[in-house]
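Remember, predicted model here, so these are calculated numbers, not experimental data. Numbers for residues simply follow the sequence, beginning at 1.
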Amino acid sequence: MKDSNSSSSSNRTEPIAQNIIKLISNLCFSLFVFSVLIFTVIAITYQPPDPWLQSTPALTNLFTQSENATFRIDSSVLRTGEDLSPSPQDPPLPPPPPSEPLIDITQQQIANSTVNSTTDSTAYSTDAQPPSLPACDETLNCSNPRVLIAIQRFNLRAFKSIAFFDYQPPMNGSVPGECDVAWRFRNKRERSWRKYRDFRRFKIAVTDDCRYKVVHAGGWHSGANARRNVTRTGAGRGGKSLPPRASARDDEINDTIPTLGSETNFRNGKYLYYSRGGDYCKGMNHYLWSFLCGLGEAMFLNRTFVMDLSVCLASTYNPSNKDEEGKDFRYYFDFEHLKETASIVEEGEFLRDWKKWDKTHLKKKKVPVRKVVNHKVTPMQLKKDKSTIIWRQFDAPEPENYWYRVCEGEAAQYVQRPWHAVWKSKRLMNIVTEISGRLDWDFDAVHVVRGEKAQNKELWPHLDYDTSPDVLVEKLKWMVQPWRHLYIATNEPYYNYFDKLRSNYKVHLLDDYKELWGNTSEWYNETTLLNSGKPVEFDGYMRVAVDTEVFYRGKTRVETFYNLTKDCKDGVNTC
């Protein structure tokens, strides 16, 4: 009887255990299926990031004010295409011109040379002679190839942040024993293909064992006899040629305005034309965000973008606090690079050719035009349009008349802003190179944001104190070695504000180099040519551009909102 009860109890227990195991297995399987379903949905709906590492709507929200959608970002630092970090969606940099060597001189045989310091100034010893050569002549001949090799080796060791190209044959200096040499170069931190010129004077000695030795190197642009004079004509507005003049200007800059050529070329083209909208006279970052939207749409539609070279500089960049119209795009950006990267036509040339065509052909063969008055008409809807001209008009009130509205919403997935097409003006970059060269490329830099942010205690409560002279001295001593060349990029208007730092560092400010844009400078002469003979002001935006680029070239770089203060860059609670 007892055994019978035991067997019955076991039979009741077994199904319960099996059911529990089955229930747990089913739950686990259900969770697995649910997880796979969620992962699949995410994979399908995920959109790849914008070149600025965020989606376009997120960037628009970040850079806009809720009341009028105008940009409100830090204007004390300016970034363009050559500054932005590459992303998987970024197109590669354009190939170098055919004349440019693919390998810089630092990668050739002279890179194995050695340079030894001597006692006086920047003196180095360089062995440049093969051991099998016959007895040498102690008279220095600058045309001797071994002189150039000695100078090349010197430069390799003295300027490690520079890539050297295209050395010219040395010229005799002002006295025996000196040679002047010119070359082209590029800072290794610059992402563009642009090259710059330097020419320096070297004092060369010949040792008893026929070794050439650089005993002294002159400073930036000291080799006057190696400076090359060229004669070029300028390009004014409307493509009109200006009288030629002898100059030592940068002969690689080509600001000429492209023309469409014959009437047939005009008629066979396809154009995207944006009329002026609410972006005009907004901040330059707003302008670029909108301009690149239009250029990106033109690329998406495979059309030529009609470009207005006239820029209105916002009041924030002008001492008068007034918007200034009539500025030229070429003052600020590299027009030559833009022409090489994108299909563009200048607005004045385009309108003249359009008017000429309609006048010639009257009403019989007028150019087909599609007018688009609403930014909600997407680029995808215009993709198959066969009209010669697509004319987007922006007549609505702000912010509906901003160009960048075209690239919002679904369009953001198709239209990519070509940041790689916009580089800073090479004329401004020549000033950057001049400043960096005068400091022999061996300096540290600090970016000090002051101005309106330092006065606004509500959004930046500690900024004013954290960037005061006494606090800067205390903080920088832990970041920058004493008596280094220290370049200060700042929007602080008072020149003597940083005087206390001069007891610890060799301080340099942008205003120390005013002659580089003064009325005797190459920048002044060339921009005057662009402006039909009228002088161009070196405005606040240009100052920001130059300050930013010199700062980037410092060996040690100290940022305001990352190193000097705990305040957030965009105000309280935005970090």
Below 30° counts as parallel, above 60° as perpendicular, anything between as tilted: where do the rings of [X] and [Y] land?
| X | Y | answer |
| --- | --- | --- |
| Trp391 | Trp354 | perpendicular |
| Trp220 | Trp441 | perpendicular |
| Phe333 | Phe329 | tilted |

Can you name the salt bridge (charged side-chain N to carboxylate O under 4.0 Å, His left out) partners of [X], sequence neighbours left out?
| X | answer |
| --- | --- |
| Glu515 | Arg438 |
| Asp385 | Arg370 |
| Arg553 | Glu190, Glu549 |
| Asp353 | none |

Carboxylate-amine/guanidinium contact [X] [Y], below 4.0 Å:
| X | Y | value |
| --- | --- | --- |
| Asp279 | Arg405 | no |
| Lys424 | Asp334 | no |
| Asp323 | Lys282 | no |
| Glu400 | Lys376 | no |

So do Phe164 and Gln152 actually touch side chain to side chain, heavy atoms under 4.5 Å?
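Side-chain contact under 4.5 Å: no.
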
Excluding sequence neighbours, so at least two apart, what forms side-chain contact (heavy atoms from CB on, under 4.5 Å) with [X]?
| X | answer |
| --- | --- |
| Pro258 | Phe335, Lys339 |
| Lys383 | Phe300, Leu301 |
| Asn318 | Leu313, Ser320, Glu324, Asp539 |

Does [X] use its side chain to pair, donor to acceptor, with the backbone of [Y] at less than 3.5 Å?
| X | Y | result |
| --- | --- | --- |
| Lys270 | Lys386 | yes |
| Glu336 | Asn254 | yes |
| Asp547 | Ala489 | no |
| Asn531 | Thr527 | no |
| Thr574 | Gly571 | yes |
| Arg186 | Trp193 | yes |

Short side-chain donor-acceptor distance under 3.5 Å, [Y] and [X]:
| X | Y | result |
| --- | --- | --- |
| Asn155 | Tyr167 | yes |
| His286 | Tyr402 | no |
| Trp183 | Gln168 | no |

With ring centroids as reference points, do Tyr287 and Tyr280 lie under 6.0 angstrom apart?
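Here the rings of Tyr280 and Tyr287 have centres that are no less than 6.0 Å from each other.
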
Are the aromatic ring centres of Phe185 and Phe165 under 6.0 angstrom apart?
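When the ring centroids of Phe185 and Phe165 are compared, they turn out to be at least 6.0 Å apart.
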
Residue pairs, two or more places apart or on separate chains, that pass disulfide bond (SG atoms under 2.5 Å apart) and touch residues 257-292
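Residue pairs passing disulfide bond (SG atoms under 2.5 Å apart), neighbours aside: Cys281-Cys312.
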
State which residue, out of Trp523, Tyr317, Tyr524, fulfils the ring-ring contact (aromatic ring centres under 6.0 Å, His included) condition with Phe538.
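With Phe538 as partner, ring-ring contact (aromatic ring centres under 6.0 Å, His included) holds for just one option, Trp523.
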
Give me each pair satisfying salt bridge (Lys or Arg N to Asp or Glu O under 4.0 Å) with a member in residues 288-311, each pair once, sequence neighbours excluded.
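Residue pairs passing salt bridge (Lys or Arg N to Asp or Glu O under 4.0 Å), neighbours aside: Arg276-Asp308, Glu297-Arg392.
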
Which is it for Asp166 and Arg197 under the salt bridge (charged side-chain N to carboxylate O under 4.0 Å, His left out) test, yes or no, and what are the steps along the way?
CA-CA 10 Å; Asp166 306 335; Arg197 282 180 55 81; over 6 Å; no

I would like to know whether Arg330 and Ser425 meet side-chain hydrogen bond (donor to acceptor under 3.5 Å, both in side chains); could you show each step before the answer?
CA-CA 7 Å; Arg330 295 172 290 180; Ser425 161; over 6 Å; no

With sequence neighbours left out, write down each residue that passes ring pair (Phe, Tyr, Trp, His ring centres under 6.0 Å) with [X], or none if nothing qualifies.
| X | value |
| --- | --- |
| Tyr271 | Phe266, Phe350 |
| Phe551 | His447 |
| Phe199 | His221 |

Check the pair Gln393, Tyr274 against side-chain hydrogen bond (donor to acceptor under 3.5 Å, both in side chains), reporting the backbone distance first and the verdict last.
CA-CA 6 Å; Gln393 298 176 334; Tyr274 275 35; over 6 Å; no

